Amino acid sequence: MVEVAVRSEATLGEGPTWDTSTSTLLWVDILGSAVHRYDPGRGRDDVLAVPQHVGAAKPRAAGGLIANLRDGVALLDADGTQRWLVYWEREGVRGNDAAVDGAGRLWAGTMRYDAGEGGGWLARVEPDGAAKVLFDDVTISNGIAWSPDNTLMYYIDTPTRRVDVLDYDLATGTAVGRRPLCTIEGTPGSPDGMCVDADGCLWVALWGGHAIRRYTPEGKLDREVPMPVAQPSACAFGGPDFTDLYVTTAREGLTPEQLADQELAGSLLVLPGFGVGLPSTLFAG
């Protein structure tokens, strides 16, 4: 069922995103300061080195990428030129997961390197660089996603072991009424990255849990898929019909003995024909 898309030794693979403009999958190795672009049609994985740790990289409508880097959010052109859109450098803090909403805004999260409680934040970044912090007491800002009709926003601060839901106004980019949707129970794993499928169900990667879980829009556990690695970090649907579920994984923190038992840790995995996802939106800048 689980296949290897890219055999890799990424320290902290994260942030898979299907780029509809190129029919490729973007993903990052955060601590390797690398942005990967996997072309399943050619079986090729190209790597772009970036100057800082990179929490996420998303495609732009104008071409190139927008990246959630250690010190802020930057625009990366195809030739590698970097321009800061938002610069918010803070000692001991780096960018983590990010997502683009249906109107082309970036939602970017941060965390402390030492995962200190309340040391990160979640911010909305407009194409013109205007930024607004929604939450400023986040510990490990992770999964961000929206319902198919864009009326709900989902959010994960990993140590809470919850997926939260907020009411969302796409026209203004306003998210209010944060409340728990579900709590991760019955597993040692913690919620990391996630995506939403065409049915409105949430697919959540369980860091340390050897699994991906699917939750209904009502927050009920619907399905659990075992993974051959302990640290699946995020997931996204891709492929021509958005039916292939791609999963990033990590080697960070694993002992030599654990790595010997998990030879695919750090690789990009895929579950072909596993559901029906939704196309991602390009950042509008």
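Keep in mind it's a predicted model, so treat the numbers as computed, not measured. Residue numbers start at 1 and run along the sequence shown. Computed from heavy atoms alone, side chains included, the values below leave out hydrogens, waters and symmetry copies.
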Within this structure, what is the [atom1]-[atom2] distance for the pair [X] and [Y], rounded to the nearest 0.5 Å?
| X | Y | atom1 | atom2 | answer |
| --- | --- | --- | --- | --- |
| I30 | L12 | CD1 | CG | 4.0 Å |
| N96 | T139 | CG | OG1 | 12.0 Å |
| L268 | H36 | CG | NE2 | 9.0 Å |
| F135 | D164 | CZ | CG | 7.5 Å |
| L152 | D167 | CG | CG | 6.0 Å |
| L206 | I212 | CG | CD1 | 7.0 Å |

Evaluate the side-chain proximity of [Y] to [X]: yes if any heavy-atom separation is below 4.5 Å, no if none is.
| X | Y | answer |
| --- | --- | --- |
| R213 | R223 | no |
| L170 | D101 | yes |
| S33 | V50 | yes |
| L245 | C195 | yes |
| V138 | Y155 | yes |
| L181 | L202 | yes |
| I144 | L122 | yes |
| W121 | V93 | yes |

Check your understanding: Quick one: which of D46, D19, D45 gives a salt bridge (Lys or Arg N to Asp or Glu O under 4.0 Å) with R37?
Key ->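 Exactly one pass, corresponding to D19.
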Look at the side chain of [X] and the backbone N and O of [Y], then say whether any donor-acceptor pair between them is shorter than 3.5 Å.
| X | Y | result |
| --- | --- | --- |
| D114 | G116 | yes |
| S267 | S8 | yes |
| D97 | G109 | no |
| D222 | Y215 | no |
| Q231 | E252 | yes |
| R179 | G177 | yes |

Between [X] and [Y], is there shared hydrophobic-cluster membership here, with clusters defined by ILVMFWY side-chain heavy atoms closer than 4.5 Å?
| X | Y | result |
| --- | --- | --- |
| L26 | I66 | no |
| V125 | V35 | no |
| L65 | L85 | no |
| V86 | V100 | yes |
| W84 | L48 | yes |

Review point. Parallel, tilted or perpendicular for Y246 and W18, by the 30°/60° rule?
Key: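 Y246 vs W18 ring planes: parallel.
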Review point. Aromatic rings Y168 and W107: how do their planes relate, parallel, tilted or perpendicular, breaks at 30° and 60°?
Key: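 Plane angle over 60°, so perpendicular.
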Exercise for review: Could you walk me through whether T158 and N142 pass the side chain to side chain donor-acceptor pair (under 3.5 Å) test, one step at a time?
Suggested key: CA-CA 6 Å; T158 293; N142 259 315; 2.6 Å; yes
Practice item. Answer yes or no: are there more than 12 heavy-atom neighbours, outside R44 itself, under 6.0 Å from its atom CZ? Key: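 Counting other residues, nucleotides and ligands, CZ of R44 stays at 12 neighbours or fewer.
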Review point. If you count the non-hydrogen atoms of other residues, nucleotides and ligands that lie under 6.0 Å from CD in E9, is the total more than 12?
Key: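 12 or below, so no.
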Would you mind writing out the side-chain donor-acceptor pairs for residues 258-266 within the sub-3.5 Å range, not counting sequence neighbours?
{"residue": "Q258", "atom": "OE1", "partner": "T255", "partner atom": "N", "Å": "2.8"}
{"residue": "Q258", "atom": "OE1", "partner": "T255", "partner atom": "OG1", "Å": "3.4"}
{"residue": "Q262", "atom": "OE1", "partner": "A230", "partner atom": "N", "Å": "2.7"}

For [X] against [Y], the heavy-atom pair lying closest together:
| X | Y | result |
| --- | --- | --- |
| C235 | A205 | SG-N, 4.5 Å |
| P232 | H210 | CD-N, 4.2 Å |
| G104 | P127 | O-CG, 4.1 Å |

Review point. Distance only, no hydrogens: is a donor on one side chain within 3.5 Å (strictly under) of an acceptor on the other, for T248 and S233?
Key: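 There is such a pair between these side chains.
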Practice item. Determine whether the side chains of E218 and T216 contain a donor N or O and an acceptor N or O closer than 3.5 Å. Key: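 Short answer, yes.
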Review point. Are R214 and D197 within salt-bridge range, i.e. N to O under 4.0 Å?
Key: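 A salt bridge is present here (some side-chain N lies under 4.0 Å from a carboxylate O).
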Exercise for review: Please list all pairs passing the ring pair (Phe, Tyr, Trp, His ring centres under 6.0 Å) test where one or both residues lie in residues 263-285, with sequence neighbours left out.
Suggested key: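 Ring pair (Phe, Tyr, Trp, His ring centres under 6.0 Å) check on residues 263-285 returns W203-F274.
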Please list every donor-acceptor pair under 3.5 Å in which a side-chain atom of residues 69-77 meets a protein atom from a residue at least two apart or in another chain.
{"residue": "D71", "atom": "OD2", "partner": "Q52", "partner atom": "NE2", "Å": "2.8"}
{"residue": "D77", "atom": "OD1", "partner": "R60", "partner atom": "NH1", "Å": "3.2"}
{"residue": "D77", "atom": "OD1", "partner": "R83", "partner atom": "NH2", "Å": "3.1"}

